[in-house]
S.K.: 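I have a structure here, written as structure tokens, and I will follow up with some questions on it.
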Amino acid sequence: MHRRDKGEGDMGAIYQEYAELVYRFLYSHTHDADWSQELLQETFLRAVDSIARYDGTCKLSVWLCQIAKHVLWQELRRKKRMDFMELAEEFPDASATDGETDAIRTESTQELYRAIHRLSEQEKEVVLYRMTGELSFRQIGEILGKSENWSRTVFYRAKQKLRKELEKNEM
């Protein structure tokens, strides 16, 4: 899609096609459904304002995720929420049989997030996009300006580090 092919009228179709991807991208950073939805709306408002500047040198999905990332970082600075990873709340597990089982699962999940937080920035981004954003390796590579194989490799290596870290903490 070239710049001359796009206009405000096409934004509805663009929203329909890419809103879920951008939402998952944002959710992988925030772990907050409501906040991600607010950021999604702001992202598309800014996209409408700047669609004329989209030159087609990157995929539209990448361009939208770049806007979303910019919106997120602006909001984090504004709200002084730079430690948003630590604010992630866990969803209760409805399949837990008792309070003790639920507490163990919650503790394990929290330990996993602490271990993820200790990864390098690239590893952390890839892991979170994959696990919480449920993005494909191809989508992750596009967003980060890398190849699909690069994102697979980074994810695999990060997963190995996480396993070792979690096994070390169990001992």
Side-chain angles (χ1 to χ4, degrees), residues 18-44 58-59 61-171:
Y18 296 105
E20 183 179 341
L21 171 70
V22 175
Y23 173 82
R24 289 185 302 176
F25 171 81
L26 289 163
Y27 186 80
S28 71
H29 284 290
T30 67
H31 302 283
D32 182 314
D34 292 334
W35 193 31
S36 296
Q37 190 63 40
E38 289 174 27
L39 294 169
L40 174 69
Q41 298 309 316
E42 180 63 26
T43 297
F44 275 91
C58 66
K59 290 187 174 190
S61 59
V62 172
W63 182 72
L64 290 168
C65 286
Q66 288 171 343
I67 293 172
K69 191 171 188 175
H70 183 72
V71 166
L72 172 64
W73 288 114
Q74 278 186 323
E75 187 67 15
L76 287 170
R77 280 191 300 271
R78 188 177 75 75
K79 291 184 174 185
K80 293 181 171 100
R81 291 178 66 175
M82 291 307 288
D83 289 331
F84 67 94
M85 285 299 302
E86 296 174 0
L87 299 177
E89 293 181 16
E90 299 306 316
F91 295 102
D93 185 355
S95 66
T97 56
D98 59 24
E100 184 178 338
T101 303
D102 191 36
I104 291 169
R105 285 187 179 135
T106 299
E107 186 176 319
S108 297
T109 303
Q110 288 173 348
E111 183 56 39
L112 173 62
Y113 276 106
R114 281 192 289 273
I116 290 171
H117 191 67
R118 290 187 290 266
L119 293 171
S120 73
E121 284 302 311
Q122 281 187 335
E123 291 168 331
K124 190 182 334 180
E125 267 191 310
V126 170
V127 167
L128 291 173
Y129 289 160
R130 183 71 178 164
M131 290 174 57
T132 60
E134 298 177 2
L135 299 177
S136 70
F137 291 116
R138 180 185 55 76
Q139 291 169 322
I140 294 168
E142 288 174 358
I143 289 167
L144 297 176
K146 307 285 186 175
S147 71
E148 179 178 342
N149 285 338
W150 176 88
S151 61
R152 282 182 192 279
T153 301
V154 170
F155 182 77
Y156 175 78
R157 289 178 181 161
K159 196 167 63 169
Q160 297 299 81
K161 285 181 182 179
L162 290 171
R163 273 197 187 112
K164 286 179 185 175
E165 181 78 20
L166 294 173
E167 286 171 2
K168 179 179 79 174
N169 290 338
E170 285 180 5
M171 294 181 175

S.K.: Minimum heavy-atom separation for Glu165 to Ala115, with atom names?
M.R.: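 Closest heavy-atom pair between Glu165 and Ala115: CG-CB, 3.9 Å.
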S.K.: What is the distance from atom CD of Gln139 to atom CD of Glu142, rounded to the nearest 0.5 Å?
M.R.: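 The CD atom of Gln139 sits 7.0 Å away from the CD atom of Glu142.
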S.K.: Say you draw a straight line from CZ of Phe44 to CD1 of Ile67; how long is it, rounded to the nearest 0.5 Å?
M.R.: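 Answer for the CZ-CD1 pair, Phe44 versus Ile67, is 8.5 Å.
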S.K.: Determine, step by step, whether Phe155 and Ile140 satisfy the side chain to side chain contact (heavy atoms under 4.5 Å, CB included) criterion, reporting the C-alpha distance in whole Å, the side-chain angles of both residues, the deciding distance to 0.1 Å, and the verdict.
M.R.: CA-CA 10 Å; Phe155 182 77; Ile140 294 168; over 6 Å; no
S.K.: Drop me the distance from Lys124's NZ to Ser28's OG, to the nearest 0.5 angstrom.
M.R.: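 It comes to 12.5 Å.
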S.K.: Say whether Gln160 and Arg157, considering side chains only, have a donor N or O and an acceptor N or O under 3.5 Å apart.
M.R.: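 Note: Gln160 and Arg157 side chains miss the donor-acceptor criterion.
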S.K.: To the nearest 0.5 Å, what is the distance between CZ on Arg138 and CD1 on Ile143?
M.R.: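 Here the rounded value is 9.5 Å.
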S.K.: For a quick test of reading the model, state the closest non-hydrogen atom pair linking Leu40 to Leu26 and the distance between them.
M.R.: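 Taking every non-hydrogen atom into account, N-CD1, 3.5 Å.
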S.K.: Might you point out which heavy atoms bring Ile116 and Leu162 nearest each other, and give the distance in Å?
M.R.: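 Here Ile116 and Leu162 meet closest at N-CD2, 3.6 Å.
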S.K.: Just checking Glu148: does its CD atom have more than 12 heavy atoms from other residues, nucleotides or ligands closer to it than 6.0 angstrom?
M.R.: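 Buried by this count: over 12 neighbours within 6.0 Å.
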S.K.: Please round to the nearest 0.5 Å and tell me the distance separating atom OG1 of Thr30 and atom CD of Gln37.
M.R.: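 So the OG1 of Thr30 and the CD of Gln37 are separated by 10.5 Å.
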S.K.: Please name the pair of heavy atoms, one in Glu123 and one in Val154, separated by the smallest distance, quoted to 0.1 Å.
M.R.: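 The pair with the smallest heavy-atom distance is CA-CG1, 3.8 Å.
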S.K.: Kindly indicate whether the side chain of Gln41, heavy atoms from C-beta on, has any atom under 4.5 Å from the side chain of Glu38.
M.R.: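 Side chain of Gln41 against side chain of Glu38, heavy atoms only: no contact under 4.5 Å found.
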S.K.: Please give me the minimum heavy-atom distance between Leu72 and His29, naming the atom from each residue.
M.R.: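 Looks like CD2-CB, 3.4 Å.
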S.K.: So do Trp150 and Gln122 actually touch side chain to side chain, heavy atoms under 4.5 Å?
M.R.: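 SC-SC contact between Gln122 and Trp150 confirmed.
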S.K.: What's the separation between atom CD in Gln66 and atom CH2 in Trp63, rounded to the nearest 0.5 Å?
M.R.: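 Between atom CD of Gln66 and atom CH2 of Trp63 there are 9.5 Å.
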S.K.: Minimum heavy-atom separation for Phe25 and Cys65, please, with both atom names.
M.R.: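 That would be CE2-O, 3.4 Å.
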S.K.: Between Tyr23 and Tyr27, how do the two ring planes meet: parallel, tilted or perpendicular, split at 30° and 60°?
M.R.: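 Plane angle under 30°, so parallel.
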S.K.: Pick out which of Leu128, Leu21, Val126 makes a side chain to side chain contact (heavy atoms under 4.5 Å, CB included) with Leu135.
M.R.: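 It is Leu21, the one option of Leu128, Leu21, Val126 that forms the side chain to side chain contact (heavy atoms under 4.5 Å, CB included) with Leu135.
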